[in-house]
Novice: 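Structure provided below as structure tokens; questions to follow.
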Amino acid sequence: MKGMKLIKTVSVTAAFLSGFAMAAPAQTPKLFVLEGLMQGEWTLKERGSNEIAQKVCLGNPELLLQIQHSYMPCTRYVIENGAKKLRVSYKCGAAGHGVTEIKQESSTVVQINSQGIRNNAPFSIAFEGRRTGSC
């Protein structure tokens, strides 16, 4: 009888604790490169292109992770998270997916390489990003 009571107590405790483990939200890891960037207006110039540079107001630096899928809800997987280099894979459902690598030269200059699929077409882009002012 004591053995059955002990098993029941352990089972109830395990079920109770596992409920807390499942209810805990997943924490997003700190992305060191993005944390080191200054907020403000950034100019993104595609390397090797004569096109006019894009200007973005960088309140949330995570915007740089999915330039071809801006503002789309995507899931992300961090591949590399170093002090000066970040590599992230992301998936945006039917809109496509990509892998972005950001190398930080300073708090105001980054090199961004991204490739993947957008609207059923492949893309491969390389940008230099520079902080150019406030927004």
Side-chain angles (χ1 to χ4, degrees):
M1 212 44 147
K2 279 187 174 181
M4 289 300 286
K5 188 174 182 181
L6 179 61
I7 291 172
K8 192 182 263 187
T9 303
V10 169
S11 297
V12 169
T13 303
F16 181 73
L17 293 176
S18 69
F20 277 116
M22 285 189 244
Q27 292 191 349
T28 304
K30 285 186 175 185
L31 302 175
F32 301 114
V33 168
L34 299 184
E35 285 188 356
L37 300 182
M38 291 181 65
Q39 293 184 352
E41 180 187 81
W42 282 69
T43 300
L44 303 177
K45 174 74 173 142
E46 189 170 359
R47 284 181 285 194
S49 171
N50 292 327
E51 291 186 28
I52 297 173
Q54 300 177 19
K55 294 197 182 273
V56 295
C57 184
L58 202 58
N60 179 1
E62 289 186 18
L63 177 71
L64 299 176
L65 292 175
Q66 42 189 86
I67 293 173
Q68 292 295 309
H69 295 90
S70 299
Y71 305 107
M72 290 184 185
C74 304
T75 58
R76 295 186 190 139
Y77 175 76
V78 178
I79 299 168
E80 183 176 350
N81 190 11
K84 296 290 182 185
K85 184 177 171 185
L86 173 64
R87 188 171 172 88
V88 174
S89 171
Y90 64 90
K91 294 182 181 181
C92 308
H97 60 273
V99 174
T100 300
E101 179 179 275
I102 301 176
K103 292 181 183 176
Q104 180 183 14
E105 293 183 13
S106 70
S107 62
T108 59
V109 178
V110 293
Q111 301 299 324
I112 304 168
N113 292 297
S114 189
Q115 60 185 19
I117 303 291
R118 178 179 179 213
N119 297 329
N120 295 319
F123 69 87
S124 181
I125 53 172
F127 287 101
E128 178 175 89
R130 291 186 176 271
R131 185 178 186 280
T132 50
S134 300
C135 43

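Computed from a predicted structure; not experimentally measured.
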Novice: Within the side chain of K45, is there an N or O that forms a donor-acceptor pair under 3.5 Å with the backbone of E51?
Specialist: yes
Novice: A side-chain contact here means heavy atoms from C-beta on lying under 4.5 Å apart; do E101 and L86 qualify?
Specialist: no
Novice: Should the heavy atoms of other residues, nucleotides or ligands under 6.0 Å from CG of N60 be counted, would the total exceed 12?
Specialist: yes
Novice: Take R47 and E128, measure what salt bridge (Lys or Arg N to Asp or Glu O under 4.0 Å) needs, and give me the verdict at the end.
Specialist: CA-CA 7 Å; R47 284 181 285 194; E128 178 175 89; over 6 Å; no
Novice: With distance as the sole test, does N81 use its side chain to make a donor-acceptor pair with the main-chain N or O of F32 at under 3.5 Å?
Specialist: yes
Novice: Show me, pair by pair, the donor-acceptor contacts under 3.5 angstrom made by side chains of residues 34-42, not counting sequence neighbours?
Specialist:
unit_1 : atom_1 : unit_2 : atom_2 : d
Q39    : NE2    : G59    : O      : 3.0
E41    : OE1    : T132   : OG1    : 2.9
W42    : NE1    : M38    : O      : 2.8

Novice: Cluster question for you: counting only ILVMFWY and a side-chain heavy-atom cut-off of under 4.5 Å, with indirect links fine, are V88 and I117 together?
Specialist: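 Different hydrophobic clusters.
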Novice: In Å and rounded to the nearest 0.5 Å, what is the CD1 to CZ distance from I79 to R87?
Specialist: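 Here the rounded value is 5.0 Å.
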Novice: For a quick test of reading the model, state the closest non-hydrogen atom pair linking A53 to T43 and the distance between them.
Specialist: CB-CG2, 3.4 Å
Novice: About how many Å separate SG of C135 and CG of L58, when rounded to the nearest 0.5 Å?
Specialist: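 With rounding to 0.5 Å, CG (L58) is 8.0 Å from SG (C135).
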Novice: Rounded to the nearest 0.5 Å, how far apart are OG1 of T100 and CD of Q115?
Specialist: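 It comes to 9.0 Å.
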Novice: Flag the pair V78 / L31 as yes when at least one side-chain heavy-atom distance between them is below 4.5 Å, and no otherwise.
Specialist: yes
Novice: To the nearest 0.5 Å, how far apart are CG in N113 and OG in S124?
Specialist: 7.5 Å
Novice: Would a 4.5 Å heavy-atom cut-off, applied to side chains only, mark L44 and L64 as touching?
Specialist: yes
Novice: Kindly list each side-chain donor-acceptor pair under 3.5 angstrom involving residues 70-77, sequence neighbours excluded, with atom names and distances?
Specialist:
unit_1 : atom_1 : unit_2 : atom_2 : d
S70    : OG     : I67    : O      : 3.0
R76    : NE     : Q66    : OE1    : 3.1
R76    : NH1    : E62    : OE1    : 2.6
R76    : NH2    : Q66    : OE1    : 3.1

Novice: To the nearest 0.5 Å, tell me how far S106 OG sits from R130 CZ.
Specialist: 7.5 Å
Novice: Determine whether the aromatic ring centres of residues H69 and Y90 are separated by less than 6.0 angstrom.
Specialist: yes
Novice: Do Q104 and K85 have side-chain heavy atoms sitting under 4.5 Å apart?
Specialist: no
Novice: Once rounded to the nearest 0.5 Å, what's the spacing between atom CZ of R118 and atom CD of Q68?
Specialist: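 Spacing of CZ (R118) from CD (Q68) equals 5.0 Å.
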Novice: Taking V99 as the starting point, is it possible to reach F127 by hopping between hydrophobic residues whose side chains are less than 4.5 Å apart?
Specialist: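 No; tracing contacts between hydrophobic side chains, which count when under 4.5 Å, never links both residues.
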